[in-house]
Structures are given as C-alpha cells and as structure tokens.
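Shown next, in structure tokens, is the structure this report addresses.
We number each residue from 1, following the sequence as shown.
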Amino acid sequence: MDRINEFGLTSDDSNVEEGRDGAFADDDSIVSSNVTNEEAQTLTRGGPLGVMQSDAANENNRAGIMPRNRREWCIVIFALLLIVAAAAGTGIGLGFYFMNQGSNTNNPATGNPKDGKGNENGNDDSYSDGSEPETDDKTDSSATPLPTDFAGSVQYHMIAQDISELASFESIADNGSSSSPSPQQRARDWLVFEDMTPENLADEQDEQKNPNNGTDDLVDYNNSLSSSYLDVNTPAYRVAQRFAIAALYFSTEGEEWDTGSQWLQPGLNECDYPGIRCEEVTIPSISLKEALKRPNDLPRHSDGTVDTTTERMIVEINLPESNLGGMLPGELMTFPFLRRLGLWSNQIGGQIPENIGRLQNLESLLLDDNNFTGDIVPGIGSLENLKMLSLGFNPKMGGGIPREIGDLYHLEALYLPNMSLRGGLPSSMRNLGKLKNLELQSNNLRGVIPDWLGDLVNLVKLNLSGNDFDGEIPEGLSKLINLRELELQDNDLGTIPCSSFESVVVLSANCKSSDGTSCDCCTLCT
C-alpha cells in the first residue's frame, strides 16, 4: 500500500520491511508520537511543497543578483574590463620572463650553445689539461662564462687584452666552411692544433700513419692536442707573444718568405726563428688561466710587485729584404719588450697600425721601401724611446708630418724621403734637440724654411731637396755648427749665405743656371 510519510516520500510497507529486514519500524503511530508539531513543520519543508517554496526563493535571490538598470550594467562591464586587462598584463609579463629565460640557453658573448648542465659546447667545467676552473670572490657571477678549452682561452685573452679585435675572429666562420680563415684564426689554430712539443710530434705523426698504435690520448675531448707546446698554465705574456708572432707570419704571407720554411716549427721556441732576437726577461708569472678571470687586472710586464718568472722575450725583429707581403697585423704592436722592428725593403702594404704607440720600448722603427699607404699615424708620437724612424720610399704614404713627431724627444734620425708628404714643417719639430739626421727630400713640402731649424744644434745632415720650399735661407741655420751635409737643390730659394756654412763639407743647390740659387761655396750645383 502506497502512502506519503512524514518526509514527503511514498513507500510500500512490504518493500520497506523486506529491504531493511525489519531493521526500522514503519508504524505511523510510533513516528507521530516521537515528533512535535514544530519538528514536523521543519521536516515537511523538504517535501514537495517545501521544494517548490525553495525554488521560488532561489528565483527571487537570482533576480536580486542580476543588474537591474543601466548604471549597474556599466559597473559590471567596467569590472570585467579591469579583470581582462589584469589578465593580459600578467600574460605579457610572464611571456617576457620566459623569453628572457630561454635566451640564456645560448651564450651571447660566445654564440656557443650550452648543454643541459649549462656548459658551452656540451663540455664540463674543466680545462683541456684536466684541471678545474677556479672560482674567485671577485669574479662577477653574472659575467660571461669563461672558456674551458685552450683555443677559447687564447681567443678570449687576445680580445680582452686588446691584442686582437673581435672582428678578426668573427670574419670567417669557425666551422671550416671557408677556405680563407683570417690570420688570427690561423694563428690560434696553429697554436692549439699543430704546435706540439718535439717529443710528442713524432708520436702524432706515427699516429697518423698507424691509427691503432695506442696514441689516441694525444687528442682530448675538445679535439685539441693535450701535449700542445703551450697551454692554459703557461704565463699569459708568453702565450700572447707566440700567438702574435704566428699572426705576423700569416698576415704577411709567411709561406712566401725567403726564410718562411724555418718559421712555425712545432715545439721550436719562437726566439730561435730566423730574424728574431730574444733576451731573458722577468715577467709576471700569472698564467693564461688566471688572466682570464681578471682581464682588467693583468699586471704590467714591468710590475715587480707580483710573482714573477724568467722567460725569453722578443726584443728585435729583423726581416729586411725577405719578401714579406700582406699587411702588418695589430698583434705585432703588442710586444712589450721590442726595441727594434726592421722590415725594410719588402712588399708590405696597407696602413701602419694605429696602435703602434704601444711599443713603448721601441728604439728603431725601420719600415722604409715598402708599399704602405695612408698618413703617418699620430700614434708614432707615443714611442717615447724612439731614436730612429725610417718610413721613406713609401710613395703612397702622404698627408702632412704630424705634430706628434715633436714628442719624440730622443729621436736622433728621421728619414722620410721619397713619399707624398705635403704642407710645411710642424713647429713641434723644434723639440727634437737630439736629432742628427733629417732627410725630407723628394716630397711635396712647401713654404719657407723655418728659422727654428737652427735650434736643432746637433744636426749633422739636413736634406730638404726636391720640394717646393721658397724664399731666403734663414739666418738661424748659422747656429748649426755641427752640420756637415746640406742639400737644398730643386727648390726655389734665394742666395746661400756661405759665411753661415763654413763647417759644411757637402753643400748642394740649384746654382748651375743664371736664374737659380746663388751659391759661391756650393760643392755641387745642379
């Protein structure tokens, strides 16, 4: 029999009893006797009537939540726009964050991809000689990671110390796709892959002939020779010297030199190359590996306050008449102990490097009879120890004589003949009080001969012939009491005052024709 109980549900007495196995009583009288009127009213709210009343109440509540006029709708829309704007800003910010994080997977300084551990080229943090890179409290943790192989260390050091330009390593790809790598790349690769100690060179050659003879340990995981003549533990100044001398060889077409076959012998000290002279010199012992960590604090070569060592360092390069071509590399100008650079009578072209002033110990610069072009670089005036400067017979070199020449207070000989110099003589040259020989013939110099030339009282030879000087001979030249040779021909000068040059042994001028220079004491008239 179906009926509605106090909970508003229909039930069958027999089904309830069977389903619950008599566990619950189904007697109306029992239920009624145990429930008060208030409780019954509360319980009946869950019945069909209560449900209907609840639904009506919910409808009224929902109606109260929805906007009821235009003002409320505007507030709702404005709130939604604020939420959308905040979400968009958050999304853009997160996007830039993850883009920045992703860009760090490649090293922008070296361009080398990193492996999953953050190491470049997939290498672990160790040098090719097996040692571990050292950490330093003064090293900026946000700086570019230092290279961990010898090749990268050499390149990093040369750029950091302004020995080489970054472009000299970037101009040609390192992947071997080009047949014309730069001289700097060739010097680096020779230093790393070909320059071996003599005792291991034979093993390497034998390995090439017999690949299975058990000498594979000569090549490390970076494909560089573990027995290289130099490595990251070599003093940084010594590494730079050997790299620079190799750069000179490749930049000036060393394969074509008359003595080129005797250069770049693996394992042979560069001081034993033809044309090179070295001396035992005390230098800072800081290694290449240590120098990489503090590139801005590399001790000067003359710094005696740091740990030092003795090495053979280059003091002279003499390769005259040796068929050098190409151009002078900037690396050549970084030899800290070089006193003489003699490369006259070759075929070297291009401009003299701007950084030539870094050769602070240079005493003789002899680059005459080549194919140099451009002006005389002002940096020459920084060679404060220079005694002899010879740039003559470079007809493609022009411009004026730079005033910085007057800063060479120790200069004793200045040879600038057969060039394309123009303009007058800078007054700063009056500071060259030690000058003994001044040869400026066969140029396009013009104007009057300056009276201050008489202040160069140590002059022994003065040659101004073959220019466009005009006017009278200044009286100041009479002070040149040490003068023995004076050549003034092929100019437009007036009378030569013979009384001013009684000590002159050789005196030449245009005195042969009647409209030429008047000179009764000339030893040679043209």
Side-chain angles (χ1 to χ4, degrees), residues 327-328 330 333 341 343-344 348-359 362 364-456 458-459 461-474 476-477 480 486-493:
M327 301 172 61
L328 289 184
M333 306 308 162
L341 179 59
L343 303 176
W344 70 89
I348 305 171
Q351 293 187 335
I352 296 174
E354 291 283 349
N355 62 346
I356 192 171
R358 298 177 66 174
L359 297 175
L362 197 65
S364 297
L365 179 60
L366 312 175
L367 302 178
D368 49 295
D369 193 18
N370 276 283
N371 294 321
F372 288 110
T373 60
D375 298 347
I376 300 175
V377 293
I380 285 182
S382 298
L383 302 175
E384 56 187 25
N385 291 306
L386 199 64
K387 297 179 179 180
M388 180 180 295
L389 175 60
S390 182
L391 302 176
F393 296 93
N394 282 290
K396 296 180 181 179
M397 287 190 69
I401 299 175
R403 61 177 179 79
E404 287 80 3
I405 288 289
D407 296 332
L408 303 176
Y409 303 112
H410 299 286
L411 198 64
E412 298 178 1
L414 178 60
Y415 300 111
L416 304 176
N418 295 83
M419 301 173 69
S420 297
L421 300 177
R422 59 183 181 274
L425 302 183
S427 59
S428 62
M429 289 181 63
R430 71 191 310 164
N431 299 324
L432 305 180
K434 296 183 178 181
L435 200 62
K436 297 179 180 179
N437 293 291
L438 177 59
E439 297 191 20
L440 303 174
Q441 66 268 27
S442 301
N443 280 287
N444 297 313
L445 300 172
R446 63 180 62 249
V448 298
I449 297 176
D451 188 71
W452 52 256
L453 274 178
D455 295 336
L456 307 181
N458 287 304
L459 273 181
K461 181 176 182 178
L462 175 61
N463 192 335
L464 302 177
S465 64
N467 283 285
D468 294 319
F469 290 113
D470 55 23
E472 300 295 327
I473 304 297
L477 295 189
L480 300 177
L486 176 61
E487 298 188 41
L488 300 173
Q489 68 270 23
D490 299 322
N491 284 288
D492 189 14
L493 301 173

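N467 contributes a side-chain N or O that, together with a main-chain N or O of L440, makes up a donor-acceptor pair within less than 3.5 Å. One N or O on the side chain of N491 and one on the backbone of Q489 form a donor-acceptor pair closer than 3.5 Å. Between the side chain of S420 and the backbone N or O of P395 there is at least one donor-acceptor pair closer than 3.5 Å. N463 places a side-chain N or O within donor-acceptor distance of the main-chain N or O of S465, the cut-off being under 3.5 Å. The backbone N or O of N370 sits less than 3.5 Å from a side-chain atom of N394, completing a donor-acceptor pair. At distances below 3.5 Å, at least one donor-acceptor pair connects side-chain atoms of N355 with backbone N or O atoms of G330. Between the side chain of N443 and the backbone N or O of Q441 there is at least one donor-acceptor pair closer than 3.5 Å.
The CG atom of L453 sits 7.0 Å away from atom CE of M429, with the distance rounded to the nearest 0.5 Å. Interatomic distance, CZ of F372 versus CG of L328, reported as 4.0 Å (0.5 Å rounding). Distance check: K461 NZ to L486 CG gives 11.0 Å after rounding to the nearest 0.5 Å. Distance check, rounded to the nearest 0.5 Å: OG of S442 to CG of N418 gives 4.0 Å. The distance from atom CZ of R358 to atom CE of M333, rounded to the nearest 0.5 Å, is 11.0 Å. Between atom CG of residue L362 and atom OG of residue S382 there is a gap of 12.0 Å, rounded to the nearest 0.5 Å.
Put simply, the side chain of L488 reaches to within 4.5 Å of the side chain of I473, judged on heavy atoms. The shortest distance between side-chain heavy atoms of M397 and I376 falls below 4.5 Å. Taking 4.5 Å as the limit, some side-chain heavy atom of L389 sits within range of a side-chain heavy atom of I405. Two residues are said to be in side-chain contact when any heavy atoms from C-beta on lie closer than 4.5 Å; L435 and L459 meet this criterion.
Between I380 and L408 the shortest heavy-atom distance is O-CD2, 3.3 Å. For the pair L445 and L425, the tightest heavy-atom approach, listed with the atom from each and the gap, is CD1-CD2, 4.1 Å. Shown here for S428 and R403, the closest heavy-atom pair between the two residues is OG-O, 2.6 Å. When every heavy atom of M388 is checked against every heavy atom of L411, the shortest pair comes out as N-CD1, 3.9 Å. Taking every heavy atom of both residues into account, M419 and F393 meet most closely at CG-N, 4.2 Å.
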Evaluate the criterion side chain to side chain contact (heavy atoms under 4.5 Å, CB included) for residue pair L438 and L432; output intermediate values, then yes/no.
CA-CA 10 Å; L438 177 59; L432 305 180; over 6 Å; no

